[in-house]
Every structure is written in C-alpha cells, then in structure tokens.
Amino acid sequence: MNGPSEFERRVIAAVRRIPPGRVATYGDVAALAGKPRAARAVGNIMRTAGVPGVPCHRVIGAGGAIGGFGGNVQMKRELLRAEGIEVGIGRVRGFERLRWRPTRRA
DNA sequence: AATCTGACTGTTG
DNA sequence: CCAACAGCCAGAT
C-alpha cells in the first residue's frame, strides 16, 4: 500500500500550517505545494484525505466559495465563525459564498 | 494505458 | 450580479 504521495504530503503540510483565524484558498495551498494550477487536485485530496488535525475547514474557494465539507457546509461555516471570521450568505456558481475576502497568498 | 471524476479558477454571456 | 463554458491537475477506476 502506497503511502501518501509527495504532493499530497505537501498539501497536507501546507493546510496544517494555516494559523487559526486565517484561511487560504485551494489555489494558495496548491501554490504552497508547488503546483499553483493544481487547486482542483488539492480539493480532491481534501475530500479523500480527511486526516484529523488538518484544519481543512480553513481552506476555501478563491471567490469565497465555501466548497464542501462532507456536505456539512453549515458546520464548516460555523467553524470559521468560531475562529472570528464572520461570514455572509451569497451565491457563487451555485455554491455558498463567504462575505469576507480571502487573503490570496498565505 | 485510457477514461472519469471533482471540496477549483478565470473568462464570457 | 449570476449562470454557463472551458482549461488544468492529481488521484481513482
């Protein structure tokens, strides 16, 4: 059984070092992993990994799209709010959108 | 090895 | 401002 690939490990490490109260976009994490264009792959890893201790709820879409959270988007929003990030409800390509603006570049 | 999928993103209409 | 389309990427089947 193959362990996590280097890319996956890098992505997890990047997400892991996102400080509380701060967030990063999938593109930012991808860039930190060395592939600024692999935002989609990052999302896939978040979806499959599900590693405890990784604040995956701090990773959001570039336009403020909250993405997913095992379908518990509400919980993800609550977690972000618990970290002092007030979010509003909007709509970005059919997904929920946060009112706050991502830092763009961790 | 080829094909499909999707927690993305930027551009167009 | 919102919806749809196209482009890109790594992992899974």
With respect to the phosphate group of B/dA7, does any side-chain polar atom (N or O) of A/Lys76 fall under 4.0 Å of OP1 or OP2?
no
Counting side-chain heavy atoms from CB outward, which of C/dA10, B/dG10, B/dA7 is closest to A/Arg47?
B/dA7
Examine C/dG11: is either OP1 or OP2 under 4.0 Å from a nitrogen or oxygen in the side chain of A/Ser5? Give yes or no.
yes
Choose from B/dT9, C/dA10, B/dA7 the nucleotide whose nearest atom is closest to any side-chain atom of A/Met46.
B/dA7
Calculate the interatomic distance between A/Leu79 atom CG and B/dA7 atom P; express it in whole Å.
19 Å
Nearest atoms (heavy-atom pairs only) where A/Gly61 meets A/Thr25:
O-CG2, 3.9 Å
Nearest heavy atom decides the nucleotide; on that basis, is A/Phe7 or A/Arg40 closer to the 5' end of DNA chain C?
A/Arg40
Which heavy-atom pair separates A/Ala30 from A/Ala38 by the least distance, and what is that distance?
CB-C, 3.7 Å
Indicate, with a heavy-atom threshold strictly under 4.0 Å, whether A/Tyr26 touches base, sugar-phosphate, or nothing.
base
For a quick test of reading the model, state the closest non-hydrogen atom pair linking A/Phe69 to A/Leu79 and the distance between them.
CZ-CD1, 4.0 Å
Please state how far atom CD1 in A/Ile66 lies from atom C1' in B/dA7, giving the value in whole angstrom units.
10 Å
Could you check whether the side chain of A/Asn44 and the base of B/dG6 have a donor-acceptor pair of N or O atoms closer than 3.5 Å, going by distance alone?
yes
Side chain of A/Ala39 only, please: which of C/dA10, B/dT9, B/dA7 is the nearest?
B/dT9
Under 4.0 angstrom, heavy atoms only, what part of the nucleic acid is A/Arg37 near: base, sugar-phosphate, or nothing?
sugar-phosphate
Could you tabulate the donor-acceptor pairs under 3.5 Å formed by side-chain atoms of residues 42-60 of chain A, not counting sequence neighbours?
unit_1	atom_1	unit_2	atom_2	d
A/Thr48	OG1	A/Asn44	O	3.1
A/Thr48	OG1	A/Ile45	O	3.2
A/His57	NE2	A/Glu83	OE2	3.1
A/Arg58	NE	A/Glu83	OE1	2.9
A/Arg58	NE	A/Glu83	OE2	3.0
A/Arg58	NH1	A/Ile18	O	2.7
A/Arg58	NH2	A/Glu83	OE2	3.0

Expressed in angstrom and rounded to an integer, what is the separation of A/Ile12 atom CD1 from B/dA7 atom P?
17 Å
Whole angstrom value for the distance that separates C1' of C/dC9 from CD of A/Glu8:
14 Å
May I have the distance from A/Arg10 (atom CZ) to C/dG11 (atom P), rounded to whole angstrom?
13 Å
Please tabulate, for side-chain N and O atoms in residues 5-14 of chain A, each donor-acceptor pair with protein atoms closer than 3.5 Å (sequence neighbours left out).
unit_1	atom_1	unit_2	atom_2	d
A/Ser5	OG	A/Glu8	N	3.3
A/Arg10	NE	A/Ala33	O	3.1

